[in-house]
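Reckoned from all heavy atoms, side chains included, excluding hydrogens, waters and symmetry mates. In what follows, chains carry the letters A, B, and so on, assigned in the order in which the sequence lines appear, proteins first and then strands, with residues in each chain numbered from 1.
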Amino acid sequence: MPELAEVETVARGLRPLVGRRILGVRFGKTDFIADPRRLASLLPGTRLVTVSRRGKLLLIELEREAAAAKERGEGLWLLIHLGMTGQLVLREPSEPSAPHTHVWFSLDDGRELRYVDIRRFGRMRLATAEELAAIVAPLGADPLEVSEEEFRRRLGASRARVKSILLDQGVLRGLGNIYADESLWRARIHPLRRGAELSGEELARLWRAIRSVAREAIRLRGTSVSDYVDANGRPGSYQKRLRVYRRAGQPCKRCGRAIERIVVAGRGSHFCPQCQPAHRARANRRGAGKRKKPLGS
DNA sequence: AAGATTACCTGAAGGC
DNA sequence: TGCCTTCAGGTAATCT
């Protein structure tokens with residue numbers, strides 16, 4: 001699934017396109033595109049200026065031709081979210097299109113950038129600078145840039161299950177189910193624990209675990225367990241490093257106990273019952289619901 | 001009103 | 001063989 005490491009890898013694969021022009025766009029199904037006619041009218045003739053990533057969101061900055069840019073001085077961004085099964089791949093126009101290809105961008109170097117998405121959970125839209133600011137405003141901290149202090153503050157302020165918190169893009173941007181499970185295993189924290197009940201030591205372990213998992217996943221160009229490939233159609237290799245994700249019933253790499261799978265936040269959650277104990281201490285949570293003081297302030 | 005659950009979508013896999 | 005159900009998880013919408 002495209003999480004931060006996969007989107008980062010796709011962004012890096014597209015970066016050589018900076019300077020290229022989009023000559024035209026063709027569409028298949030468009031129900032995942034905010035305003036396909038706007039793309040059809042504005043994209044042709046634009047030049048790619050930057051390719052970047054914000055969480056799981058891919059940002060392609062475009063520059064209009066001098067004449068068109070005059071009417072509105074501001075920039076234009078093509079925003080693409082890959083959802084679950086979205087792929088952006090560079091192909092020669094002569095190559096047959098994969099099933100579920102829904103957008104074809106023709107480029108001035110003769111190639112095509114194709115958007116493929118089996119389930120169409122992805123999203124695509126154009127945005128002005130103002131619209132872009134509003135879209136990224138709700139996103140939380142970057143997992144690789146957040147300080148340990150801010151991380152502890154954000155996680156410790158929530159009574160939700162820690163697994164849910166890690167998946168919340170408003171807290172940390174870019175983590176998905178795979179890296180959330182892998183990070184919790186590394187930090188030896190049970191997915192059902194609540195953010196506010198984690199000790200300072202546990203939060204510190206989790207902060208470090210997320211950083212090392214994210215760095216390693218980017219280095220290995222992402223995880224390919226089902227559909228993910230990069231801009232050149234190549235899979236990543238972090239799947240070889242997975243310790244718990246989709247390993248239910250198999251032995252823990254640390255202690256040998258069978259990995260278990262439960263559902264948290266509607267997601268399959270994999271953990272080691274030995275390494276990741278469900279309770280910090282002898283928790284008698286009777287009366288815990290009476291707490292009324294919100295933490296902080 | 002934060003936190004939990006469900007809907008969207010298609011293909012793979014398992015049951016009978 | 002083939003039909004049916006379940007599962008996979010990105011976010012948005014809906015519930016409690």
Which whole-number value in Å describes the distance from [X] [atom1] to [N] [atom2]?
X	N	atom1	atom2	answer
Arg159(A)	dA1(B)	CZ	C1'	15 Å
Asp117(A)	dG10(C)	CG	C1'	10 Å
Leu167(A)	dA12(C)	CG	C1'	15 Å
Glu3(A)	dG10(C)	CD	P	5 Å
Lys56(A)	dA12(C)	NZ	C1'	13 Å
Leu172(A)	dG10(C)	CG	C1'	17 Å
Tyr115(A)	dG10(C)	OH	C1'	10 Å
Leu4(A)	dG10(C)	CG	C1'	14 Å

Among all residues two or more places apart in sequence or in another chain, which pass the salt bridge (charged side-chain N to carboxylate O under 4.0 Å, His left out) test with Arg247(A)?
-> none
Is [X] close enough to [N] that one of its side-chain N or O atoms is under 4.0 Å from OP1 or OP2 there?
X	N	result
Arg120(A)	dT10(B)	yes
Lys163(A)	dG3(B)	no
Gln169(A)	dT11(C)	yes

Which pairs with one or both residues in residues 14-29 of chain A pass side-chain hydrogen bond (donor to acceptor under 3.5 Å, both in side chains), sequence neighbours excluded?
->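 Only Arg20(A)-Asp108(A) qualify under side-chain hydrogen bond (donor to acceptor under 3.5 Å, both in side chains).
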Among dG10(C), dA8(C), dA4(B), the nucleotide that comes nearest once only the side chain of Arg261(A) is considered | dA8(C)
Tell me what [X] touches on the nucleic acid: a base, only sugar-phosphate, or nothing, going by heavy atoms under 4.0 Å.
X	result
Gly268(A)	sugar-phosphate
Arg246(A)	sugar-phosphate
Phe32(A)	nothing

How far apart are the C-alpha atoms of Asp117(A) and Thr85(A), what are their side-chain angles, what is the distance that settles it, and do they pass the side-chain hydrogen bond (donor to acceptor under 3.5 Å, both in side chains) test?
-> CA-CA 5 Å; Asp117(A) 193 344; Thr85(A) 53; 2.6 Å; yes
If you take atom types as modelled and just measure distance, does the side chain of Arg194(A) reach the base of dG3(B) with a donor-acceptor pair under 3.5 Å?
->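 Side chain to base: no pair below 3.5 Å.
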Would a distance-only check, ignoring hydrogens and angles, find a side-chain to backbone donor-acceptor pair under 3.5 Å from [X] to [Y]?
X	Y	value
Gln87(A)	Tyr228(A)	no
Glu202(A)	Ser199(A)	yes
Glu6(A)	Thr223(A)	yes
Glu182(A)	Val244(A)	yes
Ser158(A)	Leu155(A)	no

Protein N or O to nucleotides 13-16 of chain C N or O, pairs below 3.5 Å:
none

DNA chain B: 5'-proximal contact among Arg267(A) and Ala160(A) (nearest heavy atom) |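 Nearest-nucleotide comparison on DNA chain B picks Ala160(A).
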Between the protein and nucleotides 11-14 of chain B, list the N/O to N/O atom pairs that are separated by less than 3.5 angstrom.
residue: dG11(B); atom: OP1; partner: His100(A); partner atom: NE2; Å: 2.7

Would you mind writing out the side-chain donor-acceptor pairs for residues 168-178 of chain A within the sub-3.5 Å range, not counting sequence neighbours?
residue: Asp168(A); atom: OD1; partner: Gly170(A); partner atom: N; Å: 2.8
residue: Gln169(A); atom: OE1; partner: Gly174(A); partner atom: N; Å: 2.8
residue: Gln169(A); atom: NE2; partner: Leu167(A); partner atom: O; Å: 3.1
residue: Gln169(A); atom: NE2; partner: Leu175(A); partner atom: O; Å: 2.9
residue: Arg173(A); atom: NH1; partner: Gly140(A); partner atom: O; Å: 2.9
residue: Asn177(A); atom: OD1; partner: Lys163(A); partner atom: NZ; Å: 2.7
residue: Asn177(A); atom: ND2; partner: Gly268(A); partner atom: O; Å: 3.0

List for me each residue that meets ring pair (Phe, Tyr, Trp, His ring centres under 6.0 Å) alongside Phe32(A), sequence neighbours excluded, and say none if there are none.
->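 Phe32(A) satisfies ring pair (Phe, Tyr, Trp, His ring centres under 6.0 Å) with His102(A), Tyr115(A) only.
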